[in-house]
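What follows is a structure written as structure tokens; I'll ask about it next.
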Amino acid sequence: MAQIFISHSRRDKELINFFASAFATSHVKAIYEEIEKLVTGQNISAAKIDNDIRASNAVFVVIGENVERLSNTRSWVNWESGVACGAAKNKDVWVFEYLHHVNNRTVITPALTHYVVFDIGDPYLVYLKSIIESYDDSHMPTALVAGGGAGALLSSTPQGALVGALAGLFLSDPSRNRPKGIKTSCANCSESYTLHLPNFMDLFKCPCCNAILITPYQTR
């Protein structure tokens with residue numbers, strides 16, 4: 001079963017309830033880790049976090065106003081995203097920032113693959129669900145079997161079975177439906193990532209260095 005590691009503040013209850021509702025109808029398991037526990041050392045260890053990230057298909061970092069208020073938050077957010085993006089894990093790191101917090105954010109995440117600005121509401125919930133479900137591998141064995149069967153029908157040779165297995169892998173790949181976003185590179189820090197922003201946002205803060213940037217679609 002696929003799982004996603006979620007770093008958050010327990011005080012941002014509305015945001016976490018929003019994420020919980022998106023996971024509720026999926027086959028992807030959410031592994032919640034409270035930043036409060038991380039920064040105070042409560043019943044958690046770096047090794048445990050490292051293992052949870054290794055076992056996860058992606059990492060979500062949810063940034064709301066309470067994450068901003070916590071002391072040492074920056075170090076933990078940086079460490080977790082760095083662990084996930086490290087050569088041994090190579091996980092997708094999605095930084096989700098609450099729309100009403102964007103202008104006040106100072107926390108930075110130097111290692112990420114996707115930056116999402118979201119609000120509480122149905123359009124954003126649908127988008128979040130599509131991201132989560134793009135990591136759902138629960139139907140992969142069925143697709144592989146079906147693909148292998150198709151290959152056997154095409155040919156009784158090993159090559160035919162291989163073609164069928166590859167077809168099964170293609171059909172079972174949920175990442176094909178993952179929201180594409182807009183690939184961009186910060187002119188200030190040169191970091192590259194994919195943006196997922198509301199259409200009305202003309203400017204955004206780089207999640208890696210906090211530089212104010214023009215959204216790519218405004219320059220087209």
The reported gap from CD1 in Ile212 to CG in Leu203 (rounded to nearest 0.5 angstrom) is 7.0 Å
Separation between CZ (Arg105) and CD (Glu97), nearest 0.5 Å, reads 4.0 Å
Would you say the side chain of Pro179 lies within less than 4.5 Å of the side chain of His196, judging by non-hydrogen atoms? yes
Test side chain to side chain contact (heavy atoms under 4.5 Å, CB included), reference Tyr98, set Leu15, Val62, Ile63, output is Leu15
Any sub-3.5 Å donor-acceptor pair from Asn210's side-chain atoms to Thr106's backbone N or O?
yes
Counting only N and O atoms by type, is there a donor-acceptor contact under 3.5 Å from the side chain of Asp137 to the main-chain atoms of Ala2? yes
**Q.** Trace of the ring pair (Phe, Tyr, Trp, His ring centres under 6.0 Å) decision for Phe19 with Phe96
**A.** CA-CA 10 Å; Phe19 275 74; Phe96 291 87; 5.1 Å; yes
Between the OG atom in Ser175 and the CD1 atom in Ile131, the distance rounded to the nearest 0.5 Å is 13.5 Å
Taken to the nearest 0.5 Å, the spacing of Tyr124 OH from Phe18 CZ works out to 9.0 Å
cation_pi(Arg54, Phe5) dist<6.0 Å, angle<=45: no
One should read off an interatomic distance between Arg178 CZ and Ser130 OG, to the nearest 0.5 angstrom, of 10.0 Å
Rounded to the nearest 0.5 angstrom, the OH-OG distance for Tyr32 and Ser7 is 12.5 Å
Parallel, tilted or perpendicular: rings of Phe60 and Trp94 (30°, 60°): perpendicular
